[in-house]
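Here's the structure, in structure tokens; my notes come after.
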Amino acid sequence: MRIIKTLALTAVLCGLASVPVSEGVAAAQTPAVAVAPQYDTTHVYVAPDDFDRFVASLVATFGGTTSKKGEFTVTPTPSLTMSQLVLTPVGTLSIFGFKTPIPYPFGAERTGYLVTDIDAAVRAARAHGAAVTVATFPDPIGRDVIIQWPGGVNMQLYWHTTAPNYPPLQTAPENRVYISPDSADAFIRDFVAFAHGKIVSDDRNAPGVEIGRPNDTYRRVRIESAFGRVAVLVTDGHLPYPYGWEVTGYEVSDLSATVGKAESAGATVLVKSYMAGDREAAILQFPGGYIAEIHAASHK
């Protein structure tokens with residue numbers, strides 16, 4: 001009997017050892033660390049000469065306010081960048097204009113997510129399959145870390161010594177994650193668990209016009225959490241320019257009026273307005289090179 005019990009226990013332990021970490025923690029859920037969508041900041045790196053023109057074009061297009069521009073070291077190794085927040089009603093952007101070479105791997109992180117506890121957030125991210133690519137480090141107003149999810153999706157998590165207070169958004173921005181079929185399910189599972197989010201839709205026949213291929217369909221997954229919105233665009237990587245370069249989509253009430261404001265402020269229309277499912281969308285390039293998707297709800 002003792003031998004049978006020992007064999008049974010061994011089998012259970014071996015079974016647990018074979019369960020991936022991200023699945024093994026499902027029963028022991030990690031704490032929620034998100035704050036709110038207005039603290040989901042898109043990171044934009046521009047040349048110093050384009051900095052002010054780019055910031056002005058964003059405010060002219062979307063409205064909103066800016067923080068005071070300053071020069072800081074925001075990396076764990078020596079560097080210097082101009083930095084400014086742009087707080088628009090449709091999303092927050094962190095603008096960087098480095099005056100020194102940009103230390104690796106900065107510039108590859110798409111967004112910064114404010115968390116309630118940076119150490120708890122790192123533990124939760126690791127538990128759900130993320131790798132820490134830049135270990136936690138201090139910045140002038142708090143602490144930061146950069147993580148990478150399956151499929152190579154890079155994000156910054158940040159925490160402020162004094163909690164920030166940004167105005168609520170009119171509409172939450174949409175982080176647009178282009179990912180391969182090989183990594184999509186792992187990213188979706190792990191990020192949803194980390195963010196305590198939910199899958200709003202999983203359309204395996206979404207209209208290909210959304211990725212510049214009007215004669216095809218593709219898989220599109222939309223996720224919502226306290227961090228905000230994420231659109232996971234699962235493709236084979238055969239993407240015409242500029243699809244894949246836009247990391248954020250902004251929801252506006254009047255697409256035509258917004259595009260007009262953007263053009264007047266120096267932006268270029270890369271993809272003209274088109275209809276796709278529940279939205280009308282266009283893709284713009286702002287002064288300094290930043291590419292963004294802009295969309296409005298369809299009224300059909």
Side-chain angles (χ1 to χ4, degrees), residues 34-46 54-55 57-67 84-96 109-115 149 153-158 164-179 187 191-192 194-195 197-201 210-211 220-233 242-255 257-259 261-262 265 267 270-271 276-286 288-298:
V35 181
Q38 64 264 40
Y39 304 102
D40 164 13
T41 65
T42 299
H43 285 197
V44 183
Y45 289 67
V46 297
F54 172 54
V55 169
S57 73
L58 286 174
V59 175
T61 300
F62 298 119
T65 61
T66 65
S67 66
Q84 191 169 24
L85 279 175
V86 180
L87 301 152
T88 83
V90 297
T92 305
L93 299 91
S94 291
I95 318 302
F96 302 101
E109 80 286 0
R110 56 176 32 247
T111 51
Y113 281 146
L114 179 66
V115 294
W149 295 102
V153 180
N154 298 292
M155 296 178 179
Q156 180 200 50
L157 305 178
Y158 71 98
N165 184 20
Y166 304 163
L169 301 174
Q170 290 179 6
T171 56
E174 176 183 84
N175 278 285
R176 294 170 63 82
V177 176
Y178 284 78
I179 200 164
F187 170 74
F191 181 76
V192 168
F194 165 74
K198 62 179 180 180
I199 296 173
V200 176
S201 64
E210 296 176 355
I211 57 170
R220 187 229 307 123
V221 180
R222 288 177 176 161
I223 298 168
E224 291 186 1
S225 73
F227 285 119
R229 297 175 178 171
V230 176
V232 183
L233 312 175
Y243 296 93
W245 292 109
E246 83 292 2
V247 299
T248 305
Y250 300 96
E251 182 179 347
V252 298
S253 58
D254 187 325
L255 182 65
T258 302
V259 170
K261 291 178 183 178
L270 299 181
V271 177
D278 59 354
R279 65 174 57 172
E280 179 185 13
I283 296 181
L284 308 178
Q285 184 173 48
F286 289 86
Y290 177 60
I291 297 173
E293 190 251 24
I294 315 294
H295 61 269
S298 171

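One-based numbering along the sequence shown.
Under the 4.0 Å criterion applied to side-chain N and carboxylate O atoms, R176 and E174 are assigned as salt-bridge partners.
Distance check, rounded to the nearest 0.5 Å: OG1 of T248 to NE2 of H43 gives 10.5 Å. L255 CG to R279 CZ: the interatomic distance, rounded to the nearest 0.5 Å, is 11.0 Å. In this structure, E246 CD and L233 CG are separated by 7.0 Å, a value rounded to the nearest 0.5 Å. Of the inter-residue distances, the one linking F286 atom CZ with T61 atom OG1 reads 4.5 Å to the nearest 0.5 angstrom. Rounded to the nearest 0.5 Å, atoms CD1 (I199) and CZ (R222) are 13.5 Å apart. Interatomic distance, T258 OG1 to L284 CG, rounded to the nearest 0.5 Å: 9.0 Å.
Residues L270 and Y243 fail the side-chain proximity criterion, which asks for heavy atoms closer than 4.5 Å. In this structure the side chain of V247 never reaches within 4.5 angstrom of the side chain of T111, judged on heavy atoms. Side-chain contact between P173 and T42 is absent, with no heavy-atom pair separated by less than 4.5 Å. Residues Q84 and S67 form a side-chain contact, since some pair of their non-hydrogen atoms from C-beta on lies under 4.5 Å apart. For the pair T66/I95, no side-chain contact is recorded, criterion being any heavy-atom separation below 4.5 Å from C-beta on. Side-chain contact check for I291 versus I283: some heavy-atom pair is nearer than 4.5 Å.
A donor-acceptor pair under 3.5 Å links the side-chain atoms of Y158 to the main chain of Y39, judged by distance alone. Counting only distance, with no hydrogens or angles, the side chain of E251 and the backbone of H295 share no donor-acceptor pair below 3.5 Å. Panel note: side chain S225, backbone G197; no donor-acceptor pair is recorded below 3.5 Å.
Using cut-offs of 30° and 60° on the angle between ring planes, the pair F194 and F191 is tilted. Between Y250 and F62, the ring planes are tilted. Angles from 30° to 60° get that label.
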Item to check | side-chain contact (heavy atoms from CB on, under 4.5 Å) assessment of V177 paired with R110 | outcome: CA-CA 9 Å; V177 176; R110 56 176 32 247; 4.0 Å; yes

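G277 and S298 get closest at one heavy-atom pair: O-CB, 4.1 Å. Scanning all heavy atoms of the two residues, the minimum distance from E210 to A276 falls at CG-CB, 3.6 Å. Here the shortest heavy-atom pairing between V35 and V115 reads CG2-C, 4.1 Å. When every heavy atom of Y290 is checked against every heavy atom of A292, the shortest pair comes out as CE2-CB, 3.8 Å. In terms of heavy-atom proximity, L114 sits nearest to F227 at O-CE2, 3.7 Å.
With a 6.0 Å radius and a threshold of 12 heavy atoms from other residues, nucleotides or ligands, N165 has its CG atom at or below the threshold.
For the residue pair E109/Y45, the side-chain donor-acceptor check at 3.5 Å is satisfied.
Qualifying side chain to side chain contact (heavy atoms under 4.5 Å, CB included) partners for L87, counting only residues two or more places apart in sequence or in other chains: T65, T92, Y166.
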